[in-house]
Structure formats: structure tokens, C-alpha cells
> 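Next up is a structure, given as C-alpha cells.
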Amino acid sequence: MHGPLWLILAFPLLGFLINGIFGNKFNRVTVSLVACGAVGISFVWSAVLFFRLIALPPESRIYVEKLFDWISAGKFNAAFSFYLDPLSALMILMVSGVGFLIHIYSHGYMGHDESYARYFSFLNLFTFSMLLLVLGANLLVLFVGWEGVGLCSYLLIGFWFTKKSASNAGKKAFIVNRIGDYGFLLGLFLIFVTFGTLNIAQITEQAPRLLASGGILVTIMTLLLFVGATGKSAQIPLYIWLPDAMEGPTPVSALIHAATMVTAGVYMMARMSALYMLAPLTMGIVAAIGALTAIFAATIALTQFDIKRVLAYSTISQLGYMFLACGVGAFGAGIFHLMTHAFFKALLFMGAGSVMHALSNEQDMRYMGGLKKKIPITFWTMLIATLAISGVPGFSGFFSKDEILWESFASPQGNILLWIIGVITAGLTALYMFRLIFMTFYGESRVKSHIEKHIHESPSVMTIPLIALAVLSVIGGYVGIPHLLDGSDRIGRFLEPSFAHFSESAIEGHHSAGTEWLFMIISVIIALTGIYIAYKMYIAKPELPVAFAKKFKGVYTVLYNKYYVDEFYGYTVVKPFIKLSRIMYNIFDRVIIDGSVNLIAYITEWTGEVLKWFQTGYVRHYIVTFMFGVVIILGYFIFR
């Protein structure tokens, strides 16, 4: 017995209910204690269960906890049950741990917001929903969490709903994810029809027996699930909601990008690896979409000036890496990068929030600069996160990203083209991230004069979480040191029971250690080259970016306008849909629906007008009517 899993979920849910119902009657300290304490206790209990799990032999690291039978219909039964194995154990630790730091940070960042209690109640609900998603023992419970994070993203992206851009961003996220969820639901229906169950363990066990490898059924099934993943994890073509999600509070961005919403799709694919490894066509599509999304988003990030939007496109790009890993069968590498990304991406967003806090909510990097000495804790922690995401050796991102790059070439499903796209993206990542650092913290100050005199470092309630995440951004990757670097790849071995019997991560027998060393060195050189180019363009010769923008105006304009994807969707999807809606309103709603209702009302009114002549209330009228009736009846019997 590992201990009750439901406690991990109970505390965030309880925090949501307490602050949601009574929060407006509490002071802000009480609200914070309830919200942060709920997630903190959940993290502590997750850690206890995690260490209990790793103390067991690898083959025994599975625990199922059934609370009750949820749906029973004929032979179908869906229990409300939870599933703890290495994959879910790592996820609950990451979600609750990073979520706890974001909650603490929020106490300082949102300290003056009027809807303080509402914010923290939604934040607790978000954490609960993600924990439910990763602990669900069947796809139905997982789907409840899946929809829960979608709802919470809508509530928190549009948290400042009186602001039109925020409410629009919330609706956009909700609608785009409904498109993905439609595909996901169809996938669940097909799985149920095929297996007669939605229990993940039973599906994993039966998949090799019931499905032919490469068959049309498993291909359609996995593609439908992948449609859902592209929505939740912001991949082409459903990535468009994530950049606009920056309209929400910055800690919400950190939570969405690091620990909750966008990791759901990657987790789902890793959890369903039994199906994906039987669908090589789907795996190829997943790898291609992941690689394309990674480089596509990275090129857009090169030209953006909103500090949070740069990080948003960075997240889309890094998620592309994770899908690339899953697409080549390296699910362990994808989850490893998901974990390290949670550390440095949460830190980057919270660091950006600290910069905005110092600059009275300024987000445009063109009005920053020279902040290195004025907010030193924010600078050094963001620099560490930037070194991590850039893949500089010694930092967490180096180990996880390099493993993905190697797997994209060396695994049976990989090829040199995927590696080339991945390594170019690594160089672009280093370039746009150090562009952010140099524009924000180096050079001459471009801060508006009325703001500059008030610049100050964030309070300790905000900087302590930054420092904690900075430490994790350095050491977090050392659990996955590869054998090539005399490591034991502990995280890979730990995660192996979750999917190793269906996916052999990176079969390297036909590639020498020298080849792996060469590829690693090339990726490091390209990352360092990206850093050097950023230095030349934004420190040594700051006039170069303007010169390049003028020389390559067409390319720059396309990148700056994000390839005009939103405009394309606007003309091909949104406007036609609006026109169709207006036609349906004018014809179907007004003529058919309203017309039918109005016709019934008219007939009723006309009938009343006729009948009222017979209901006058005068006895003499009724006697005359009665006499007419008698005459008619007598006439009928006399003359028939």
C-alpha cells in the first residue's frame, strides 16, 4: 500500500472550494495561506509517494486506487480510479512542485488585484485538474482533467475580462481547444468500440493482440488522439491560441507553459505509447509536425518585441521538440525535456513578470535595457534559465535537448532531416533568447523617464521562487546524464516500465560513440553560434538588426507578422463562419424558428379572437346560441 492517492487531489480541490466560496470574506494573507498551503501539502504528499515508489523494484512500481464505480452500463464499466507509476509519479511531482512555487510568486505579483480570491481559487482548480489528468487510470477520468485544464485556461487567460483583448484571448483558447477535443473524443469512442474499455492498463495489454501494426484502425485512432494533443500542446495547426494567452496574468502564463495545460498533450501521447508504437504512419506525422512546429515558432520569436510573446513562441517551439521525441519513439526523452522545460520556462515567465513589475507592466523590450544592475536577482536567474533553454553544457536543458536531437537521428524512426531541423532550431533558440536577455538587461536604458526612477527589484516572495527554479534549471538535467558522458541515465531507467516494453528508446547499436560525440559537439557549437550572433547584433553592433530588417524587409515583415497565419484563419475560417452564422440567423433562426413560433402565436391569437365572440358573458347570448344548437339538432333528425 503506497498511501491514498486521492489526497494529492483533495487539497487543491479543497483550496478551490474554500477560496471560491468564502475567499471574499478573508484577508489576502488568509487566501494565500489556503491556496499555497493546499498545493504545498499536495507536493509534499506527492514527494512521499514518489520516494515510496522508487524504493520498490522496477517491476512493482504500479499502484491502482479505485474510489468507486463511476459508470456501469452492460459490460462497460468505468471506475473513478487513479494510477501511479513512474510516469505519473514524475508528473505529479513536477506539477505540484512547480505549481507551488508559482502560487507563492503569485502572492507578490497579484497582491493588489481586486479579484485576489477568485484568482487563487482558479489557480487551485487548475492544479487539481492537471493532477486529475495525470493520475487518471482510465481515459474517461483523464478526459475530465483534460477538459478541466481547458476550462481553467479560459477562466485565467480571460481573468481580466473587462479588458476586451483578454476576454477575446480566453474565448480563442477555448474555441481552438474545442476543435482539438472533438478529435480527441472521436478517438476515445473508437478506442471504446475496439477494446470495450477505456482502462489504460487494459488497453496497453490488449493493443498488440487486437491491433495490427500499421493497420488503418490504429492509425486513425492515434491520429484522432493527436488532434487533441495539437490543441492542448499548441502544435501546428492549432497553436494560435497560445501566443494570445499572454493576456492573462504572468503567473498564469508560467503555470500554463510549464506545469499544466500545454504538457497535457505530450503526457497523453507518452501514456498511450502502446498505441502509437503500433502506428508508424502516425509516428512519422507526429515527428514531422513536432519538427516543423519547433522551427516555425522559433523563426517567429526572432522578431517579436513583447517579452511574454517571445517566451510564448519559445514554448511552442520547445513543445515541438517533445513531440519530435515522441514521434521517433523516444517517449522517455520527451518527458525528460518536459520536466527540465518546466523548470526553466516557469523561471523565464516569472522573471519576465519581475521585469514587468519593475517597469510598471511594460512588456515591450524596445523600452527596456540597462536593467542588469537595477534588478540583479531577476537578471541572474533569467540568465541561468536562458543558458538552460539554449542547451549550454552544464545546464538542465543541454541534457534533455541533446538526447532528443540524438534520438531524432539514431532511433529507428528518426532520420538526418529531423536532426538537421532540430539542431537549426537549437541555434535559433539561443539567438532569440539571448536577444531577449541583451535587449532587456544590457546596453543603454530605453526605459520611459517617468518609469525609470521607480525601477526596483521584486520582493522576496517573488525572488525566492526565482532562485529555487534557477537551482533546478542548473541541476535538474543531471538525473539524465547519458552513458556517453559516464552517466547512468537514471530518469530513462526510472521511466522505462511506463513504456519500455513497447518502445525501445534510441536503438544505438549501429551508431558509434564517436558519431554521438560528433553530433553533440555540433549542436553545442550551433547553440554557441546563436549566442555569438545575438551578442554581435544587440551588444557589439546594435545597428545591425535595423540594417538586416531593411535589407530583408520581405522576410522580416512575414516573420514579424507571424506568417500571417491569424489573418489566413480569419479570411478562410472565421469570416466565412461569421457570414454563415448570419445567413443561418436571418434565414433559419428568424424565418423558420422565429416564424414557426410567431405562426403558432398568430394562430392562437386568431383562434382566441374567433372564440371570444362565443364567450361574451351575457346569458341572453348563450340562450340564443343554445336555441340555434337545438334547431340544428332537431333539423338533423327531422330531415335526415
> Using 4.0 Å as the upper bound for N to carboxylate O, is an ion pair formed by Glu496 and Arg61?
no
> OG1 of Thr315 to CG of Leu319: how many Å apart, nearest 0.5 Å?
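The OG1 atom of Thr315 sits 6.5 Å away from the CG atom of Leu319.
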> Donor-acceptor pair, Thr340 side chain versus His337 backbone, under 3.5 Å?
yes
> Verify, without hydrogens or angle tests, whether Ser121 (side chain) and Asn19 (backbone) share a donor-acceptor contact under 3.5 angstrom.
no
> Tell me whether Ser233 contacts the main-chain N or O of Thr230 through its side chain, where contact means a donor paired with an acceptor under 3.5 Å.
no
> Please report the C-alpha distance between Val39 and Phe11 in whole Å, then the side-chain angles of each, then the deciding distance to 0.1 Å, and finally whether the side-chain contact (heavy atoms from CB on, under 4.5 Å) criterion is met.
CA-CA 7 Å; Val39 180; Phe11 291 110; over 6 Å; no
> With a 6.0 Å cut-off on ring centres, are Phe16 and Phe128 close enough?
no
> Run the side chain to side chain donor-acceptor pair (under 3.5 Å) check on Asp69 and Ser72 step by step: do they pass?
CA-CA 7 Å; Asp69 286 324; Ser72 294; 4.9 Å; no
> Side-chain contact, heavy-atom cut-off 4.5 Å: Thr425 with Thr429?
yes
> Please work out whether the ring planes of Tyr154 and Phe174 are parallel, tilted or perpendicular, with thresholds of 30° and 60°.
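Plane angle between 30° and 60°, so tilted.
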> Are Phe409 and Leu418 packed together at the side-chain level, in the sense that at least one heavy-atom pair is separated by less than 4.5 angstrom?
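No, every pair of side-chain atoms sits at 4.5 Å or beyond.
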> At what distance, to the nearest 0.5 angstrom, does CG of Leu242 lie from CD1 of Ile316?
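Interatomic distance, Leu242 CG to Ile316 CD1, rounded to 0.5 Å: 4.5 Å.
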> Write down the atom of Asn177, the atom of Ala173, and the distance for their closest heavy-atom approach.
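Scanning both residues, the minimum pair turns out to be ND2-O, 2.8 Å.
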> What residue among Pro251, Cys36, Pro465 forms side-chain contact (heavy atoms from CB on, under 4.5 Å) with His103?
Cys36
> Applying side-chain contact (heavy atoms from CB on, under 4.5 Å) to Gln413 and Met277, what does each step give before you reach the verdict?
CA-CA 10 Å; Gln413 296 91 347; Met277 290 306 294; 3.3 Å; yes
> Between Phe184 and Trp146, is the ring centre distance below 6.0 Å?
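Ring-ring flag for Phe184/Trp146: true, centres closer than 6.0 Å.
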> Should the ring pair His257 and Phe349 be called parallel, tilted or perpendicular, given that the plane angle runs from 0 to 90° and is split at 30 and 60?
tilted
> For the backbone of Ser96 and the side chain of Ser42, can you confirm whether one donor and one acceptor N or O come within less than 3.5 Å of each other?
no
> Side chain to side chain donor-acceptor pair (under 3.5 Å) for Thr282 and Tyr276? Distances and angles first, verdict last.
CA-CA 7 Å; Thr282 302; Tyr276 279 93; over 6 Å; no
> Main chain of Lys66, side chain of Ser81: is a donor-acceptor contact present, judged purely on distance under 3.5 Å?
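Judged by distance alone, no pair lies under 3.5 Å.
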> One thing to verify: whether Asp244 and Lys171 come together as a salt bridge, which I'm taking to mean a side-chain N less than 4.0 angstrom from a carboxylate O.
no
> So does Gly422 get a backbone contact from the side chain of Tyr321, meaning a donor-acceptor N/O pair under 3.5 Å?
yes
> Report the C-alpha distance between Phe50 and Phe494 in whole Å, list the side-chain angles of each, state the deciding distance to 0.1 Å, and finish with yes or no for ring-ring contact (aromatic ring centres under 6.0 Å, His included).
CA-CA 11 Å; Phe50 177 83; Phe494 173 69; 5.4 Å; yes
> Measure the CG-OG distance between Leu90 and Ser46 for me, rounded to the nearest 0.5 Å.
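Those atoms lie 11.0 Å apart.
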> So does Tyr182 have more than 12 non-hydrogen atoms from other groups sitting under 6.0 Å from OH?
no
> For Phe161 versus Ser167, what's the shortest heavy-atom pair and its separation?
O-CB, 3.7 Å
> Please round to the nearest 0.5 Å and tell me the distance separating atom OG1 of Thr293 and atom CD of Gln318.
12.5 Å
> Atom CE of Met283 and atom OG1 of Thr219: how far apart are they, to the nearest 0.5 Å?
11.5 Å
> Can you confirm if the aromatic rings of Phe296 and Tyr239 lie within a centre distance of less than 6.0 Å?
yes
> Short question: side chain of Glu65, backbone of Trp6 - any donor-acceptor pair under 3.5 Å?
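Confirmed, Glu65 side chain pairs with Trp6 backbone.
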> Mind listing the closest non-hydrogen atom pair of Thr260 and Leu255 along with its distance?
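Looking at all heavy atoms of both residues, the closest pair is OG1-O, 2.7 Å.
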> Over 60° means perpendicular and under 30° means parallel, so tell me whether Phe76 and Phe192 are parallel, tilted or perpendicular.
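It falls in the perpendicular class, over 60°.
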> Examine Arg118 relative to Phe120 and say whether NZ or CZ is less than 6.0 Å from the centre of the six-membered ring and inside a 45° cone about the ring axis.
no
> Looking only at non-hydrogen atoms, find the nearest pair between Met261 and Ser153 and report the distance.
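Looking at all heavy atoms of both residues, the closest pair is CE-OG, 3.4 Å.
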> Do Ile191 and Leu225 touch side chain to side chain, with heavy atoms closer than 4.5 Å?
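Yes; the side chains approach each other to less than 4.5 Å.
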> Would you say that Met339 contacts Ile491 through its side chain, given a criterion of any heavy-atom pair below 4.5 Å between the two side chains?
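Of all side-chain heavy-atom pairs linking Ile491 with Met339, at least one is under 4.5 Å.
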> Measuring only between side-chain heavy atoms, which start at C-beta, is Asp489 closer than 4.5 Å to Ile481?
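A side-chain contact is absent here, since even the closest heavy-atom pair is not under 4.5 Å.
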> Output, in order, the C-alpha distance, side-chain angles, deciding distance and verdict of salt bridge (Lys or Arg N to Asp or Glu O under 4.0 Å) for Lys172 and Glu247.
CA-CA 11 Å; Lys172 185 175 183 180; Glu247 291 290 343; over 6 Å; no
> When you compare the side chain of Thr263 with that of Val95, does any pair of heavy atoms fall below 4.5 Å?
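No - every pair of side-chain heavy atoms lies 4.5 Å or more apart.
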> Might you work through the side-chain contact (heavy atoms from CB on, under 4.5 Å) test for Ser314 and Ile389, ending with a clear yes or no?
CA-CA 9 Å; Ser314 169; Ile389 195 175; 3.1 Å; yes
> Rounded at 0.5 Å granularity, tell me how far CG in Leu338 sits from OG in Ser400.
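Answer rounded to 0.5 Å: 10.0 Å.
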> What do the steps show when you test Val134 against Phe82 for side-chain contact (heavy atoms from CB on, under 4.5 Å), and what is the final call?
CA-CA 9 Å; Val134 300; Phe82 306 128; over 6 Å; no
> So do the side chains of Ile203 and Leu139 get within less than 4.5 Å of each other, counting heavy atoms only?
yes
> Provide the closest heavy-atom pair for Ile404 versus Ala325 in the form atom of the first, atom of the second, distance.
CG1-CB, 3.8 Å
> Measure the acute angle between the ring planes of Phe344 and His341, then classify it against the limits of 30° and 60° as parallel, tilted or perpendicular.
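Answer is perpendicular, since the angle exceeds 60°.
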> So which atom in Ala79 and which in Asn138 form the shortest heavy-atom distance, rounded to 0.1 Å?
O-ND2, 2.6 Å
> For Thr127 and Leu123, indicate whether the former's side chain and the latter's backbone hold a donor-acceptor pair under 3.5 Å.
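Yes, Thr127 side chain to Leu123 backbone: donor-acceptor pair under 3.5 Å.
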> Does the ring centre of Trp70 sit less than 6.0 Å away from the ring centre of Phe80?
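Judged by ring-centre distance (under 6.0 Å), Phe80 and Trp70 do meet the cut-off.
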> State, with a plain yes or no, whether a side-chain heavy atom of Phe143 is found less than 4.5 Å away from one of Leu198.
no
> Would you say Phe577 has more than 12 foreign heavy atoms packed within less than 6.0 Å of its CZ?
no
